[in-house]
**Student:** 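Take a look at the following structure, please.
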Amino acid sequence: MSNAPRYTVFLGCLVDTPTFGTLRIRHDAALGVDHTTGRILGIEEKPVLSPHKLVEQWTGTTQPAPTVATVRLTPDQFLMPGLIDTHTHAPQFTFLGIGHDLPLMDWLEKYTFKHESEFKDTEVARQFYHTVVDRVLSNGVTFAAYYGTIHLESNRVLAETIRSKGQRAYVGKVCMDMNSPEYYVETTEETLEGTEAFIRGILDDQKECAGLVQPIVTPRFAPTCSQKCLSGLGALARKYNVPVQSHLCENPSEISFAQQCFPESTSYASIYGNAGLLGPRTIMAHCVHMSAEDIAVLRQTGAGVSHCPTSNFALGSGLADVRKLLANGLRVGLGTDVGGGYSPSMLDAMRMACAANRALLAAKRERGEQLVGREGVPLDAGEVLFLATQGGADVMAMGTELGSLDAAKLFDALVVDLAADRSPVPSVQRTPAVACLHDAEEAWHVRLEQFVFLADDRNIARVYVNGRLVHSI
């Protein structure tokens, strides 16, 4: 029998962004977790009851609560939702930081296909993916949408590795049946049969475990997939009710290539739409150079956008207009897009989202464009934190279950320590702008901004997924 307590109560500061533009800081609060369900039991601001009494209140029982663990956060710590990476490529960690002098299509040809093809050997996957998942978790990512490779068995290794580490994830077998190197391509039948086998295997495994790892249908991008392949993948997504991920409007040359491959389609997005691949559980990465029709197609189908600013800067792809996408009713989250993106850090992605937005605003002003209302306001720390948490949960079609610190939601969360050993965030004493503030909530707004713009993995003290501690320093 395990002696682990059924409940834990955290006491201290809670930070989240339940809606875009709303930064919620509860600087004196209690949050209870039920480890048997993995969910948040309840939240109490300015608590006066003991942790045991709070648990009894939240559970509605008159019986004394079982053993309750208490975690008292220090004045430099806060609890926040886990970070959600809506787009990353697990095998591309093998060449992280390489080839950023090339545009997208050349980079794919010179580096990506070559290195991904090495995962034909499952031993490469077994040796490498443990490091990948450990690194992603250490950066506070509790939920990630991973691309694997075309290789069925290595994708199974990736899924099992993620499951063994306790991370929440979507994992996709990449599909490519045309316009690909001879050494890294499948027939249409092979890619569809392999995808179905992968989906069935993951779904069968869920009967034995908590279901943290889910399959996701993954056409690499339209130019590497025939119409038969895309339509077949759309049919599989509907048959098994699983999500879909791919790339859209990342680079001008890629868009031209897609139009050449599918001349009957009136827009890039409609290529996927015509194949039945767009819906509320679809994640489209990048969406930098979107036409009015592309935006309309995503809005009408309910598909979400993974904004990957680090990658877009590194490969010179362009600047996605996040405020425009949001204003058009699209759901937007953040992705690292390793290895187009040189960093697996969602904090870097947040910073780059701010930088991309500012660069875009400067370019619009130079062109003499009139910026109306919020259109001309730079993204702030709270807004990019939303994109990395609740916004990501919404894009992953898990917004009612994840993304904020609310009762009954799953407890995927981080303990952030701004005073961690070798922390890049200066102490309050060394930050006069904070030390002079007497209002606790106002001080935490400043500290939160410092977290977004200065922190790194050294500040991610503890990582919880589904109520379970999966990483700590």
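Values reported hereafter were calculated over all heavy atoms of this structure, with side chains retained and with hydrogens, waters and symmetry mates removed. For reference, positions follow the sequence shown, starting with 1.
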**Student:** Just do the salt bridge (charged side-chain N to carboxylate O under 4.0 Å, His left out) check on D417 and R458 with the steps written out, would you?
**Tutor:** CA-CA 8 Å; D417 188 353; R458 288 170 290 185; over 6 Å; no
**Student:** Give a yes or no on whether the backbone of A443 and the side-chain of R447 come within a donor-acceptor separation of less than 3.5 Å.
**Tutor:**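 No.
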**Student:** Out of curiosity, D204 CG to I202 CD1, how far, rounded to the nearest 0.5 Å?
**Tutor:**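 Nearest 0.5 Å value for the CG-CD1 distance: 9.5 Å.
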**Student:** Indicate yes or no: at least one non-hydrogen side-chain atom of V141 is less than 4.5 angstrom from one of Q167.
**Tutor:**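 The answer is yes; the side chains approach within 4.5 Å.
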**Student:** Of the non-hydrogen atoms in V377 and L361, which two are nearest, and what is the gap between them?
**Tutor:**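 Result for this residue pair: C-CD1, 4.0 Å.
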**Student:** So, does R351 use its side chain to make a donor-acceptor pair with the main chain of V452 at under 3.5 Å?
**Tutor:**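 Such a contact is found between R351 side chain and V452 backbone.
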**Student:** Main chain of A455, side chain of N459: is a donor-acceptor contact present, judged purely on distance under 3.5 Å?
**Tutor:**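 It does not hold such a pair.
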**Student:** Check for a donor-acceptor pair, side chain of T218 on one end and backbone N or O of I216 on the other, with a separation under 3.5 Å.
**Tutor:**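 Side chain of T218 to backbone of I216: a pair is present.
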**Student:** Quick one about D76 and T74 (side-chain donor to acceptor, distance below 3.5 Å, no hydrogens or angles considered), yes or no?
**Tutor:**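 No donor-acceptor contact under 3.5 Å links the two side chains.
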**Student:** Taking L330's backbone N and O only, do any of them form a donor-acceptor pair with N328's side chain (distance below 3.5 Å, no angle check)?
**Tutor:**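 Not at all, since once roles are kept as given, no pair shorter than 3.5 Å links the two residues.
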**Student:** Given the side-chain rings of F198 and Y240, with only the six-membered ring counted for Trp, is the space between their centroids under 6.0 Å?
**Tutor:**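 Judged by ring-centre distance (under 6.0 Å), F198 and Y240 do not meet the cut-off.
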**Student:** How close do C249 and D294 get, heavy atom to heavy atom, and via which atoms?
**Tutor:**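 Looking at all heavy atoms of both residues, the shortest contact is SG-OD2, 3.4 Å.
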**Student:** Between W107 and F95, how do the two ring planes meet: parallel, tilted or perpendicular, split at 30° and 60°?
**Tutor:**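 Correct class here is tilted.
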**Student:** Does this structure show an ion pair linking R24 with D16, if we count only N-O contacts that are shorter than 4.0 Å?
**Tutor:**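 Yes, this pair counts.
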**Student:** If we ignore angles and hydrogens, is there a donor and acceptor under 3.5 Å between the side chains of R168 and N466?
**Tutor:**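 The criterion, which ignores hydrogens and geometry beyond distance, is satisfied for N466 and R168.
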**Student:** Are I255 and S291 packed together at the side-chain level, in the sense that at least one heavy-atom pair is separated by less than 4.5 angstrom?
**Tutor:**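 With C-beta onward as the side chain, the pair stays apart.
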**Student:** When you look at T161 and S164, which way does the side-chain hydrogen bond (donor to acceptor under 3.5 Å, both in side chains) test go after all the steps?
**Tutor:** CA-CA 5 Å; T161 302; S164 71; 5.3 Å; no
**Student:** Strictly distance-based, threshold 3.5 Å: is any side-chain N or O of T22 a donor or acceptor partner for the main-chain N or O of P18?
**Tutor:**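 No, because the side chain of T22 does not come within donor-acceptor range (under 3.5 Å) of the backbone of P18.
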**Student:** Looking only at side-chain N and O atoms, does Y146 offer a donor or acceptor that is under 3.5 Å from a partner on Q245?
**Tutor:**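 The criterion, which ignores hydrogens and geometry beyond distance, is not satisfied for Y146 and Q245.
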**Student:** Please determine whether side-chain hydrogen bond (donor to acceptor under 3.5 Å, both in side chains) holds for the pair S306 and H286, giving the CA-CA distance in whole Å, both sets of side-chain angles, and the decisive distance to 0.1 Å.
**Tutor:** CA-CA 6 Å; S306 174; H286 301 293; over 6 Å; no
**Student:** Answer yes when R374 and E383 have at least one side-chain N-carboxylate O distance shorter than 4.0 Å, and no when they do not.
**Tutor:**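 Yes, charged N to carboxylate O under 4.0 Å.
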**Student:** Indicate yes or no: at least one non-hydrogen side-chain atom of P81 is less than 4.5 angstrom from one of D412.
**Tutor:**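 Sidechains of D412 and P81: no contact.
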**Student:** Is it the case that the side chains of H87 and T336 hold a donor-acceptor pair, with the cut-off being a distance below 3.5 Å and no angle test?
**Tutor:**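 Note: T336 and H87 side chains miss the donor-acceptor criterion.
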**Student:** May I ask you to check whether Y464 and F10 place their ring centres under 6.0 Å from each other?
**Tutor:**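 They qualify: ring centres under 6.0 Å apart.
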**Student:** In plain terms, say whether E401 and R39 are close enough for a salt bridge, that is, a side-chain N and a carboxylate O under 4.0 Å apart.
**Tutor:**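 Yes, charged N to carboxylate O under 4.0 Å.
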**Student:** ring-ring contact (aromatic ring centres under 6.0 Å, His included) with Y129: which residues, sequence neighbours excluded?
**Tutor:**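 F119.
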**Student:** Would you call D321 and K364 a salt bridge, taking side-chain N to carboxylate O under 4.0 Å as the test?
**Tutor:**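 A salt bridge is present here (some side-chain N lies under 4.0 Å from a carboxylate O).
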**Student:** Might you work through the side-chain contact (heavy atoms from CB on, under 4.5 Å) test for T310 and D337, ending with a clear yes or no?
**Tutor:** CA-CA 8 Å; T310 309; D337 191 31; over 6 Å; no
**Student:** Which heavy-atom pair separates D85 from G335 by the least distance, and what is that distance?
**Tutor:**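 Smallest heavy-atom distance, with atoms named: OD1-CA, 3.2 Å.
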**Student:** So, does T86 use its side chain to make a donor-acceptor pair with the main chain of L334 at under 3.5 Å?
**Tutor:**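 Yes; judged by distance alone, with no hydrogens or angles, the pair exists.
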**Student:** Please determine whether a side-chain nitrogen of the Lys or Arg among K165 and D134 lies less than 4.0 Å from a carboxylate oxygen of the Asp or Glu.
**Tutor:**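 A salt bridge is present here (some side-chain N lies under 4.0 Å from a carboxylate O).
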**Student:** Main chain of G399, side chain of K409: is a donor-acceptor contact present, judged purely on distance under 3.5 Å?
**Tutor:**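 Yes; judged by distance alone, with no hydrogens or angles, the pair exists.
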**Student:** Does any N or O in the side chain of T17 come within less than 3.5 Å of the main-chain N or O of T19, such that one atom is a donor and the other an acceptor?
**Tutor:**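 Not a single qualifying donor-acceptor pair exists.
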**Student:** Do you know the tightest heavy-atom contact between A30 and P47?
**Tutor:**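 Closest heavy-atom pair between A30 and P47: CB-CG, 3.9 Å.
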**Student:** Counting only N and O atoms by type, is there a donor-acceptor contact under 3.5 Å from the side chain of N357 to the main-chain atoms of L379?
**Tutor:**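 Yes, because the side chain of N357 sits within donor-acceptor range (under 3.5 Å) of the backbone of L379.
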**Student:** Are the aromatic rings of Y268 and H247 close, with centres under 6.0 Å apart?
**Tutor:**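 Centroid separation for Y268 and H247: 6.0 Å or greater.
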**Student:** Taking atom CZ as the centre, does R72 end up with more than 12 heavy-atom neighbours from other residues, nucleotides or ligands that are less than 6.0 angstrom away?
**Tutor:**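 Count not over threshold, so no.
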**Student:** Quick one: do the E56 and T61 side chains pair a donor with an acceptor below 3.5 Å?
**Tutor:**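 No pair is found: no donor N or O on one side chain lies under 3.5 Å from an acceptor on the other.
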**Student:** Within the 4.5 Å heavy-atom criterion, are Y272 and M284 side-chain neighbours or not?
**Tutor:**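 Y272 reaches M284 side chain to side chain.
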**Student:** Would K324 and E375 satisfy salt bridge (charged side-chain N to carboxylate O under 4.0 Å, His left out), going step by step from the backbone distance to the final call?
**Tutor:** CA-CA 7 Å; K324 181 178 180 180; E375 182 185 2; over 6 Å; no
